[in-house]
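Order of appearance sets the numbers: ligands from 1, and atoms from 1 within every ligand.
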Amino acid sequence: MNNKRIALITGATGGLGTAMCKKLYQDGYIVVGNYHTKEKAEKWMEERKKEGMDIRLFYGDVSDFNSASQMIKEIEAQVGPIDILVNNAGITRDARLINMKPEDWYAVINTNLNSVYNCTKNVIEGMIKRNFGRIINISSVNGQRGQFGQTNYSAAKAGMHGFTKSLAMEVAKYGITVNTISPGYIATDMVMAVPEKILNQIVAQIPMGRLGGTHEVAYLVSFLASEEANFITGANYSINGGQHVY
Ligand code: CAA
């Protein structure tokens, strides 16, 4: 293994974030996570400790530039330079546009898209200096194809991939890769919050006939983080059970 590289996963306490933390820890990385809700974070760290995983969580509101910047400074001072950044934090506020309140629009754009700028901007200079980096942006099938009730979420998730493609060009010569992963419907709390009847209709559209597992997305993160993946940049990896093929 290559490692003692340091990986930061935002939104670490969610379903996908947890699976990514565990997988990268098992790969041998030093893993740190970002959290937003204190009670959830304490319970989460306890659970990892019981599983024998030493993964520290740092507070940060990634939708806010100053908070993200402060968090990354703290991590770099206490743990070390961040080599791998997984921009995973995300929320939904689903509604048809006609019913979508400004706060639902801005919350999703700030948390899902502006967070990518806020975190990446604070690690990219160090990665350039060290001639190594991995930026992995967790987008969505709904950013690739649109989804009824998700103008905010789909716009943010599509925007992430535009960011990926442009930054990939800017930093390729410094040994930094920038890629997007677009998961389909994965069995997380976020997806399970979709009303059951609608979720059943969605699963019926997935050729594999099931939701994805969080470990399946984590495996792809591990692959893109690896040294061996160093010629892959500006790419978008779909992982959706065949729900959207193009
Ligand atoms: N296609 C066409 N019409 C639809 C529809 C669809 N997919 N979904 C709902 N409608 C229609 C209904 O039939 C109804 O029409 P009528 O009024 O003519 O009967 C109308 O929309 C109802 O809309 P309302 O605004 O009154 O709202 P609602 O309370 O029914 O909820 C919704 C609308 C919030 C969009 C709800 O349908 C919903 O939650 N949909 C799921 C959205 C979704 O897939 N979110 C993904 C979350 S998980 C995630 O985002 C992770 C990831 O990356 C994949």
> Would one find an N or O of Y153, backbone or side chain, under 3.5 Å from an N or O of ligand 1?
Replying inline: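 Between Y153 and ligand 1 (N or O atoms, distance only) the closest approach is under 3.5 Å.
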Near [X], which atoms of ligand 1 are under 4.0 Å from a heavy atom of that residue?
| X | result |
| --- | --- |
| Y185 | 43 (C), 44 (O), 46 (C), 54 (C) |
| N99 | 25 (O) |
| D94 | 34 (C), 42 (C), 43 (C), 45 (N), 46 (C), 47 (C) |
| S140 | 52 (C), 53 (O), 54 (C) |
| N142 | 54 (C) |

> Is any heavy atom of the protein nearer than 4.0 Å to atom 45 (N) of ligand 1?
Replying inline: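 Within 4.0 Å: yes, protein heavy atom nearby.
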>> Is atom 27 (O) of ligand 1 touching the protein, meaning some protein heavy atom lies under 4.0 Å away?
In response: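 No, there is no protein heavy atom closer to it than 4.0 Å.
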With a 4.0 Å cut-off on N to O distance, would you call [X] and [Y] a salt bridge?
| X | Y | result |
| --- | --- | --- |
| K43 | E39 | no |
| K50 | E46 | no |
| E51 | R48 | yes |

> Is it the side chain, the backbone, both or neither of I202 that has a heavy atom closer than 4.0 Å to ligand 1?
Replying inline: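 Side chain only.
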> Under a 4.0 Å heavy-atom limit, does I186 contact ligand 1 with its side chain, its backbone, both, or neither?
Replying inline: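 Near ligand 1, I186 shows nothing, with every heavy atom at 4.0 Å or more.
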>> Please determine whether residues V62 and I91 belong to a single hydrophobic cluster, defined as Ile, Leu, Val, Met, Phe, Trp and Tyr linked transitively by side-chain heavy-atom distances below 4.5 Å.
In response: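 Not linked; separate clusters.
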> Does NZ or CZ of R93 lie under 6.0 Å from the centre of the six-membered ring of Y153, at an angle within 45° of the ring axis?
Replying inline: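 No; the conditions do not both hold, so R93 does not lie above the ring face of Y153.
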>> For H36 and Y59, take the angle between the two ring planes, folded into 0 to 90°, and tell me which bin it lands in: parallel under 30, tilted 30 to 60, perpendicular over 60.
In response: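 Judged by the thresholds at 30° and 60°, the geometry between H36 and Y59 is parallel.
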For [atom], which candidate among [options] provides the closest heavy atom?
| atom | options | result |
| --- | --- | --- |
| atom 40 (N) of ligand 1 | I198, V141, I138 | I198 |
| atom 35 (C) of ligand 1 | P195, G149, A95 | G149 |
| atom 20 (C) of ligand 1 | R96, Q150, K157 | R96 |

> Passes ring pair (Phe, Tyr, Trp, His ring centres under 6.0 Å), H244 versus Y246? Steps please.
Replying inline: CA-CA 7 Å; H244 178 64; Y246 61 98; 5.1 Å; yes
> Which pair of heavy atoms, one from I138 and one from P183, lies closest together, and at what distance?
Replying inline: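 Closest approach of I138 to P183, heavy atoms only: CG2-CG, 4.0 Å.
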